[in-house]
Number of protein chains: 2
Amino acid sequence: MPGPRNWRCGHQGYFSRWTVPREAILDLLKRTSKHMSAKEIYTAIYKFYPGIGLTTVYRTLDLLVRMGLINKLIFGPGESRYESKSGEKKKTHYHFVCTECGKIIDYDDFIDKDLELIKRTEDILSKKYDFKVLDHNLTFYGLCKNCK
Amino acid sequence: MPGPRNWRCGHQGYFSRWTVPREAILDLLKRTSKHMSAKEIYTAIYKFYPGIGLTTVYRTLDLLVRMGLINKLIFGPGESRYESKSGEKKKTHYHFVCTECGKIIDYDDFIDKDLELIKRTEDILSKKYDFKVLDHNLTFYGLCKNCK
DNA sequence: AACGATAATGAAAATCATTTTCAATAATAA
DNA sequence: TTATTATTGAAAATGATTTTCATTATCGTT
């Protein structure tokens, strides 16, 4: 069944028509383990659906982010990258980024302690600064084994 | 004494002349507690040094980042922001970013536990993935007290 | 203190990622 | 099957940053 589960009756005002490009982009991101940029997604879809436009890719990615189906990753200057929250990578994870070659490694080892700490920090700081925490980012930068 | 300490004899190949714009930009960042964008820095310097160019601001910020004197902060799409590592804010700290109004709060409370955990994570993961960790980013996103 | 080599500068143009505009297309309700 | 209009794609616009290049100013040498 195509589209987000129950889209026929419950797409919650995010969209009104589930289209071929939307299905193709969501499906691609669910199947890949990579962290793809808009242009990479465009190129991949273009191979089997040459009618695709880069503008539509950007618009669809924005929609999927708002729907909470994918994450937008901003590791530094240049292109943003996207990953699905379901499919290939459903577990919460963080990232290593190689500043030399751009390689990205997902890690979810020992993440319980990380999450515990982050929860604690959120609690303390939301009280102290009266700040409602909605999201966070923990990323490590360095050199991968090929570049160091 | 202007410039990075000992620049006369020890600027380590980063530059060969310490100029008025460089001094002005580094000085501004040392004195402010804000996280300023290139354009904001340009506007601030322009008030007392109207000869300044935005290009020079970008070039100088890049130099200071490479020298390790300032941090470049990328919180999301749009402008990058910069903060001095010495002066106003010498302690290691992390950030809260309000996604509504853009307000940024520095925090360094309870950061010892954060740092300890991050150190441990770095150790474990650099072994497992053979990755040399050089830097990391921990940022919280949400709504500040005025926006929530 | 002035000179000279050249590093650094600033204005304008170029670039890159992303967003907007708008006429054409296609998804869905009737 | 048709009609409505949300969605699309191409092209233009935008915003942040980088590059180009002729001019300027720093600082080692005189």
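- Between A:Phe96 and B:Tyr129, the distance from one ring center to the other falls under 6.0 angstrom.
- Distance B:Tyr58 OH to C:dT15 P: 18 Å, rounded to the nearest Å.
- Distance A:Ile41 CD1 to C:dT18 C1': 14 Å, rounded to the nearest Å.
- B:Met36 places its CE atom 15 Å from the P atom of D:dA16, with the value rounded to the nearest Å.
- Put simply, CZ on A:Arg17 is 12 Å from P on D:dT4, counting in whole angstrom units.
- The nucleotide whose nearest atom lies closest to any side-chain atom of B:Phe15 is, among D:dA10, C:dA8, D:dT17, C:dA8.
- Residue-to-nucleotide proximity on DNA chain D shows that, of B:Thr19 and B:Tyr82, the 5′-proximal contact is made by B:Tyr82.
- Close to C:dT20, at under 4.0 Å from its OP1 or OP2, lies no side-chain N or O of A:Thr55.
- Around atom NZ of A:Lys34, no more than 12 heavy atoms belonging to other residues, nucleotides or ligands sit under 6.0 Å away.
- In this structure, the separation between CG on B:Asp135 and OG1 on A:Thr99 is 9.0 Å, given to the nearest 0.5 Å.
- Looking at A:Ser16, its side chain has no donor and acceptor atom pair within 3.5 Å of the base of C:dA27.
- As judged by a 4.0 angstrom heavy-atom cut-off over every strand, B:Pro77 is placed among residues making no nucleic acid contact.
- With the nearest nucleotide of DNA chain D identified for both B:Val20 and B:Ser37, B:Ser37 has the one nearer the 5' end.
- In this entry the distance linking NZ of A:Lys39 with P of C:dC16 reads 8 Å, nearest Å.
- The side chain of B:Thr56 places an N or O atom within less than 4.0 Å of a non-bridging phosphate oxygen (OP1 or OP2) of C:dG10.
- Within a 6.0 Å radius of OH in B:Tyr46, no more than 12 heavy atoms belonging to other residues, nucleotides or ligands are found.
- Residue-level contact check: A:Arg59 touches the bases, meaning some heavy atom is under 4.0 Å from a base atom.
- Rounded to an integer number of Å, the gap from CG of B:Leu61 to C1' of C:dG10 is 15 Å.
- Distance CD (B:Glu79) to C1' (D:dT18): 16 Å, rounded to an integer number of Å.
- The distance between atom CG of B:Asp62 and atom P of D:dT19, rounded to the nearest whole Å, is 9 Å.
- A donor-acceptor pair is defined here as one N or O able to donate and one able to accept, closer than 3.5 Å; no such pair exists between the side chain of B:Thr32 and the backbone of B:Leu29.
- Out of C:dT28, D:dT8, C:dA8, the shortest distance to the side chain of B:Arg22 is found at C:dA8.
- Of the candidates C:dT18, D:dC27, C:dT20, D:dC27 carries the atom nearest the B:Trp18 side chain, counting heavy atoms from C-beta on.
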